[in-house]
Every structure is written in structure tokens, then in C-alpha cells.
Amino acid sequence: MIKIYNTMTQKKEIFKAMHENRVKLFVCGPTVYDDSHIGHARTYISFDVIARYFKYRNFSVFYLQNITDIDDKIIKRALQLGVEPVELARKFERRYLEDMHLLGVENVNFYARATEHLPEIIKQIETLIDKGFAYETETGVYFDESRVEDFGKLSRRNVEDLTVHRVNLDKTKRNPGDFALWKKRDEKPVWDSPWGLGRPGWHIEDTAITEEYLGPRYDIHGGGLDLIFPHHEAEIAQMEAVSGEKPMVRYWMHTGFLNVSGEKMSKSLGNFITIRDLLKEYEPEVFRFFVLSTHYRSPIDFSESALEQSKNSLERIYKLVETINERIKADISQPNQEDDISQKNQEDDISQKNQKDDISQLNQKDVDYNNKLRDAKNKFLKAMDNDFNTPDALSVIFNFIRDINRGINNGDISKNVLIEVKKFLMEVGDILGFDFSRKTGADDKTTDLVEVMVEIREKLRERKDWELSDLIRSKLRDLDIILEDK
RNA sequence: GCCAAGGUAGCUUAGAGGCGAAGCGGUGGACUGCAGAUCCACUACACGUGAGUUCAAAUCUCACCCUUGGCUCCA
């Protein structure tokens with residue numbers, strides 16, 4: 001069973017879906033006024049893995065994300081650049097989706113734009129007014145925070161503490177903490193509404209969208225830590241007032257911040273890194289590994305050396321898969337028993353299964369390694385079940401890798417076991433979002449050319465012409481082609 | 001001030017009452033024509049400080065020190 005840390009209760013809870021094995025997941029998307037940064041990437045990679053793991057655990061996941069494409073920041077930015085706000089929003093939305101694709105974040109089922117849900121937004125506001133939770137003034141429609149007794153339950157705040165901070169206090173509001181549902185505006189872009197021309201407030205789009213696609217109550221709502229207050233608090237107040245049903249969300253999940261060299265990332269500090277800049281320097285999978293090497297709720301510190309470490313660690317896994325591929329390919333003497341091997345990916349007991357199927361083919365070493373494999377699999381799942389503890393899960397994998405490498409060195413592992421090991425590693429890759437059977441990145445002609453060079457070098461080595469063969473190796477290395485002798 | 005999250009080996013991170021973790025880095029060894037990869041060993045007396053509870057504390061309790069974040073723009 002999967003345990004999830006719930007921000008609402010501040011405890012790990014056993015996950016129980018509302019409807020059998022279906023998970024309804026909503027994660028707050030970006031406001032598309034600029035290129036997304038590596039903090040966004042951290043959050044969305046984390047939830048990508050969470051969605052992947054639910055699927056692996058046989059849940060049917062509906063993962064919904066909103067796109068905030070109308071907002072003061074967008075308008076301000078568009079004004080600076082002299083473009084239409086809608087144009088600007090579409091451009092950065094497109095770039096956001098490109099970034100996500102490059103990062104291998106591909107489990108969102110549906111992206112919902114705020115501007116395409118104006119009827120739903122207006123309907124929710126009307127309901128809130130009808131029920132007495134919202135009121136209209138000359139400047140807009142506001143949510144009456146004083147009507148909600150448990151306001152602040154997610155962030156554990158007293159409403160009284162919050163009144164001090166507001167800078168531009170709108171005098172038409174009843175309470176300083178009341179937030180805008182509808183902003184009356186004249187300058188475009190504006191939409192028509194029962195309260196005249198204007199734009200929706202920030203919080204209402206999410207509840208309008210989630211009610212539309214997920215209903216008034218659903219399983220999981222995620223986002224960055226910074227959204228807890230006021231955004232998620234406002235969402236709870238709105239949705240629970242609209243529907244009269246509680247709780248709006250059963251599990252609240254929040255990702256920790258990404259800092260850069262120990263400091264908060266911000267434009268003013270000049271340490272603001274966009275995903276596009278990141279990907280000029282590092283492979284997407286290296287960044288993904290970096291993200292997963294820290295628990296999703298913990299703060300994570302981005303630095304060049306941390307990324308170097310991630311790169312080297314990841315290399316260790318790739319190397320093993322490569323080695324296994326070569327061993328399997330080289331070992332043609334043993335017939336392939338792959339047809340026997342179950343496609344089921346849960347913790348099925350491989351050693352018992354094989355023993356039953358064909359006990360004569362297995363020696364004691366195979367049994368031992370199959371036990372190690374089963375053990376690693378169980379531990380990996382246990383770590384992931386425990387609030388998606390990817391660092392723990394990775395350490396299980398590295399322990400397993402050392403065992404397997406030792407076995408390969410000693411010649412203790414049969415081809416059949418290696419096939420199973422590879423299958424497991426590929427499965428792990430699917431869950432975490434890595435392709436461990438890495439493509440070379442070279443075209444066919446290049447590959448052929450390298451093959452020719454290798455062949456020539458082998459001849460030279462047979463003749464013990466170390467000088468020339470080393471020269472070939474070092475020249476190839478200059479071209480980023482690494483040659484390693486067995 | 002209020003609300004959080006932390007301080008674990010040189011670095012990055014797990015763990016959360018008993019069996020000393022993982023990766024990275026460094027050093028030495030095995031293997032190799034050399035190199036790389038891999039393995040082994042060391043680095044290593046790991047848990048911020050001081051008390052307390054307990055047969056037993058990184059883990060629970062209290063106090064203190066330090067770091068970071070949030071407190072109506074935010075992933």
C-alpha cells in the first residue's frame with residue numbers, strides 16, 4: 001500500500017482512492033508569462049514520477065493541470081513587450097510544453113486553460129454570491145473570508161494574523177483578507193459577466209476547472225510549497241463553500257523548493273535558471289536524477305557539483321545495462337528461455353516460478369541471484385510506497401547493482417538471470433522516467449565508421465602496437481567517443 | 001513576531017528506538033599492455049550542543065545554538 005504525507009494532517013497516511021483504483025490528481029500549472037525555471041521542473045518531474053508509480057501500481061490515473069493564461073503578470077509583461085496578452089500567454093505555454101516534453105514529463109492527461117473556462121468560473125462565482133459567501137463591490141466580487149470558520153486550516157494560520165500585511169488594501173472589501181473572485185476592469189483582455197466587464201481572480205480558475213473535470217471532491221492536489229498559502233487555502237474555501245461538501249481534497253501534496261547554491265532562486269539575485277538554459281548544459285536525465293536523489297518534500301540545492309555527482313551516479317546504472325546487453329549478446333551458447341518469463345511486473349516470485357517450471361536448469365547460484373533480485377524489487381517498492389521515497393529507492397538499486405557487478409566479475413550469473421535483471425532495471429527506468437537502454441545518439445554511418453576504427457585497432461592490439469592503438473583511442477576520445485576494452 | 005523545514009563522514013542525500021546507510025569524491029589494492037569500467041579495502045570514532053526518558057537514543061522529551069524558507073506575485 002502507498003503512504004502519502006498529507007500537508008493537511010501533517011502525517012503520512014495510507015492512500016485510499018475515492019473510487020477503487022482510480023486516482024484523480026490535480027497539480028497547479030504555471031502562469032505562462034515567462035520561460036519556466038528549474039524550480040518548476042523540480043515540481044513537475046516529482047509529480048511525473050508520482051503519476052508513473054501510481055500507474056505501475058495498477059491505478060488508473062487522471063492527471064489534470066491548469067494553465068494560468070490570464071493574470072496581471074501576463075498583462076504587464078505583454079505591455080512591456082508590446083504584444084497581445086493572449087499571444088504572449090500562448091507563446092510561453094507552447095514553450096512550457098516543449099520544456100516538459102524535453103524533460104520527459106508526459107503523464108499529464110489534460111491541460112486546462114483558464115480562459116477556456118470562463119462559463120465555469122462565472123457559474124462558481126454566482127453560486128458563491130447566492131450562498132452568501134461572496135459579495136460585489138464597485139471594484140469586483142470578493143470572497144467573504146469571515147463566512148468560513150475553518151479558513152486557514154491547511155496552512156495553520158489565524159485570520160487575525162494576516163490582516164496586517166496587505167499593502168494595497170482595497171477599501172471596498174469587508175475584510176482585509178477577502179480575495180478577488182472577479183476583478184472589474186476596462187482595459188483588455190476582458191470578458192463579460194453578470195458584474196460587467198472584467199477578469200477572473202487567480203484562485204477561482206482552479207476550482208472551476210477541477211469541479212468540471214474531477215468533481216467537487218477528488219483524491220490528490222499537488223503543487224509547490226509556496227502555493228499552500230494563500231492559493232490552496234482559497235481554493236478550499238471556495239470549493240467547499242460552492243459544493244457544501246468536505247473535504248475538497250483528500251491528500252494535499254507539496255514539493256519543496258529548489259535553491260541555487262544555497263540561495264533562493266530569483267531574478268533579482270541573478271541566479272534564475274530557466275529549463276532551457278539548464279538543458280544547454282545538462283542532459284534531461286541528469287537533471288531528473290538530481291531531482292530524484294532528494295525526497296520531493298525536502299529542499300534541494302542546485303549546483304554544478306551536485307549535477308556532476310548526479311551525472312556520474314547515473315552513469316553507473318547505464319554501464320550495468322550496457323554490460324548486461326553485451327553479456328547477453330556474447331553468450332549465444334545457451335538457449336534463450338525468455339518465453340517462460342512472465343510479463344507481470346509485480347512482486348511475483350521469480351525463483352519459485354522458475355523452480356517449478358524447470359528445476360533442472362537452475363543451479364544454486366541462479367537461485368541466490370534470483371533471491372537477490374526479488375529482494376531488491378521488494379525493497380524498491382517498499383521505498384516508493386513510503387511517500388515516494390526516491391532517494392531510498394535509488395540506494396536499493398545501487399546496492400543491487402554492486403551485487404550484480406560482483407556476480408558478473410566472478411562469472412556467477414547466468415544469462416537467464418541477467419535477462420531478468422535487465423528487465424527489472426528497465427522497469428525501474430519506466431517508473432522513474434529513465435531509458436537505461438540508452439541510444440547512442442549517433443547516426444548509422446557514424447556507428448559504421450566507429451566499427452571500422454575499432455576493428456583496425458583490434459588488429460593493431462593483436463600486433464601489440466600499443467602506440468597506434470592508444471592514439472586511435474585518444475583521437476576518438478577527442479570526438480567524445482569513449483572506447484573501453486573488455 | 002507568527003508558521004514551517006532542517007543541522008548525518010570531504011560533498012550530496014536516505015533512515016526515525018537495538019543490527020553503523022547509498023551515491024559522488026579521494027587514497028591504496030585486484031584485474032588490464034596501458035587507460036577506462038568493475039570489484040575489494042581505507043577515507044569512516046556519521047548523526048548541531050547540553051540534559052533527560054529507556055536495558056538500549058541519529059531516532060523519543062525538554063532546553064539551547066545555528067541554517068533555510070513562508071507570512072496575500074510565486075512550482
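Each chain gets a letter, A, B and so on, in the order the sequences are listed, and its residues count up from 1.
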- Quick one: which residue pairs count as a salt bridge (charged side-chain N to carboxylate O under 4.0 Å, His left out) with a foot in residues 102-115 of chain A, not counting sequence neighbours? A:Arg52-A:Glu106, A:Glu93-A:Arg113, A:Arg113-A:Glu116
- What interatomic distance, in whole Å, is found between P of B:G28 and the corresponding atom of B:A37? 15 Å
- When syn is taken as a glycosidic angle within 90 degrees of 0, is B:C65 syn or anti? anti
- Message: Using whole Å, what does the distance between atom C1' of nucleotide B:G36 and atom CD1 of A:Ile472 come to?
- Response: 17 Å
- Query: With a 4.0 Å cut-off on heavy atoms, is A:Ile228 in touch with a base, just the backbone sugar-phosphate, or nothing at all?
  - Reply: nothing
- Query: Which of the following nucleotides, B:G36, B:A75, B:A14, is nearest to the side chain of A:His40?
  - Reply: B:A75
- Item | Rounded distance in Å - NZ (A:Lys173) to P (B:U72) | 12 Å
- Note on the structure: Of the listed B:U13, B:C24, B:A75, the closest approach to the A:Asp301 side chain comes from B:U13
- Between A:His295 (NE2) and B:U12 (P), how many Å, whole number? 19 Å
- Note on the structure: When rounded to whole Å, the NE2 to P distance for the pair A:His231 and B:G70 reads 18 Å
- Query: Can a cation-pi geometry be assigned to A:Arg174 and A:Tyr135, taking NZ or CZ under 6.0 Å from the six-membered ring centre and within 45° of the ring axis?
  - Reply: yes
Name the pairs: protein N/O against N/O of nucleotides 25-30 of chain B, kept only if under 3.5 Å.
{"from": "B:G25", "atom 1": "OP1", "to": "A:Asn312", "atom 2": "ND2", "distance (Å)": "3.4"}

- side chain to side chain contact (heavy atoms under 4.5 Å, CB included) involving A:Ser303 - partner list, sequence neighbours excluded: A:Ser261, A:Ser305, A:Ala306
- Message: Can you tell me how the ring of A:Phe289 sits relative to the ring of A:Phe434, calling it parallel under 30°, perpendicular over 60° and tilted otherwise?
- Response: tilted
- Message: Hydrogens and angles aside, do A:Thr274 and A:His37 bring a side-chain donor and acceptor to less than 3.5 Å of each other?
- Response: no
- Message: I'd like to know whether A:Asp392 forms a side chain to side chain donor-acceptor pair (under 3.5 Å) with A:Thr390, so could you lay out the CA-CA distance, the side-chain angles of the two residues, the decisive distance to 0.1 Å, and finally the verdict.
- Response: CA-CA 5 Å; A:Asp392 194 11; A:Thr390 51; over 6 Å; no
- Message: Regarding B:C40, can its base be found pairing with the side chain of A:Arg406 as donor and acceptor, where the two atoms are less than 3.5 Å apart?
- Response: no
- Query: Among B:U38, B:U13, B:A75, which nucleotide sits nearest the side chain of A:Thr294?
  - Reply: B:U13
- Query: Side-chain N or O of A:Arg297 less than 4.0 angstrom from OP1 or OP2 on B:A4?
  - Reply: no
- Query: Which is true for A:Gly39 with a 4.0 Å heavy-atom rule: it touches a base, it touches only sugar-phosphate, or it touches nothing?
  - Reply: base
- Task: Measure centre to centre between the rings of A:Tyr218 and A:Phe62, then say whether the value is under 6.0 Å.
- Result: no
- Message: At less than 4.0 Å, is any side-chain N or O atom of A:Lys464 found next to OP1 or OP2 of B:C34? Yes or no.
- Response: no
- What form does the base of B:A51 take, syn (within 90° of 0) or anti? anti
- Query: Once the angle between the rings of A:Phe302 and A:Phe290 is folded into 0 to 90°, is it parallel (under 30°), tilted (30 to 60°) or perpendicular (over 60°)?
  - Reply: perpendicular
- Donor + acceptor pair across side chains of A:Tyr369, A:Glu420 (<3.5 Å): no
- Message: Measuring from the side chain of A:Ser313 (C-beta onward, heavy atoms only), which nucleotide among B:C34, B:G23, B:A75 has the closest atom?
- Response: B:G23
- Task: Check the distance between B:U72's P and A:Gln238's CD and give it to me in whole angstrom.
- Result: 18 Å
- Query: Can you list, by residue number, the residues of residues 386-403 of chain A that have a non-hydrogen atom closer than 4.0 angstrom to RNA chain B?
  - Reply: A:Asn389, A:Pro391, A:Asp392, A:Ser395, A:Phe398, A:Asn399, A:Arg402
- Would you mind telling me which residue lines up with the more 5' stretch of RNA chain B, A:Glu263 or A:Asp470, judged by nearest nucleotide? A:Asp470
- Message: Under 4.0 Å, counting only non-hydrogen atoms across every strand here, what does A:Arg457 touch: a base, just sugar-phosphate, or nothing?
- Response: base
- Query: Over how many whole Å does the gap from A:Leu154 atom CG to B:C71 atom P extend?
  - Reply: 15 Å
- Message: Which label fits A:His203 and A:His231: parallel for a plane angle under 30°, tilted from 30 to 60°, or perpendicular past 60°?
- Response: tilted
- Message: Using the P atom as the point on both nucleotides, what is the distance between B:G17 and B:G6, in whole Å?
- Response: 15 Å
- Query: Counting side-chain heavy atoms from CB outward, which of B:U68, B:A14, B:G70 is closest to A:Phe257?
  - Reply: B:G70
- In terms of side-chain heavy atoms of A:Asn259, which of B:G23, B:U68, B:A75 is nearest? B:U68
- Message: Can you check the distance between B:U49 and B:U59, where both ends of the measurement are the P atom (answer in whole Å)?
- Response: 10 Å
- Six-ring centre of A:Tyr33, A:Lys73 cation under 6.0 angstrom, axis tolerance 45°: yes
- Message: Using a 4.0 Å heavy-atom cut-off, does A:Ser298 contact any base of the nucleic acid, only the sugar-phosphate backbone, or nothing at all?
- Response: sugar-phosphate
- How far does the P atom of B:G7 sit from the matching atom of B:U12, given to the nearest Å? 12 Å
- Query: Whole-Å distance between B:U72 P and A:Asn175 CG?
  - Reply: 17 Å
- Query: Applying salt bridge (charged side-chain N to carboxylate O under 4.0 Å, His left out), which residue pairs with at least one partner in residues 29-38 of chain A are found, sequence neighbours left out?
  - Reply: A:Asp34-A:Arg77, A:Asp34-A:Lys267, A:Asp35-A:Arg95
- Message: Give me the stems containing RNA chain B, sorted by first residue, counting only three or more consecutive Watson-Crick or G-U pairs with both distances under 3.5 Å; say none if there aren't any.
- Response: B:1-7 with B:65-71, B:10-13 with B:21-24, B:25-30 with B:38-43, B:48-52 with B:60-64
- Item | Rounded P spacing from B:A14 to B:G33 in Å | 43 Å
- Query: So what does A:Lys311 touch, heavy atoms closer than 4.0 Å: a base, only the sugar-phosphate, or nothing?
  - Reply: nothing
- Query: NA contact type, A:Tyr44, heavy-atom cut-off 4.0 Å: base, sugar-phosphate, or nothing?
  - Reply: sugar-phosphate
- Indicate, with a heavy-atom threshold strictly under 4.0 Å, whether A:Ser305 touches base, sugar-phosphate, or nothing. nothing
- Task: In whole angstrom, give me the gap between the C1' atoms of B:C45 and B:C39.
- Result: 27 Å
- Message: For A:Pro299 and A:Thr323, find the nucleotide of RNA chain B closest to each by heavy atoms; which residue's nucleotide sits nearer the 5' end?
- Response: A:Pro299
- B:A44 and B:A56, which share atom name P, separated by this distance in whole Å: 29 Å
- Presence of salt bridge, A:Arg288 and A:Asp48, under 4.0 angstrom: yes
- Query: Mind checking whether A:Tyr213 and A:His117 have parallel, tilted or perpendicular rings, split at 30° and 60°?
  - Reply: perpendicular
- Query: Do A:Asp301 and A:Asn259 meet the criterion of a side-chain donor-acceptor pair at a distance under 3.5 Å?
  - Reply: no
- Query: If you check the A:Arg316 side chain, which of B:C24, B:G36, B:G69 turns out closest?
  - Reply: B:C24
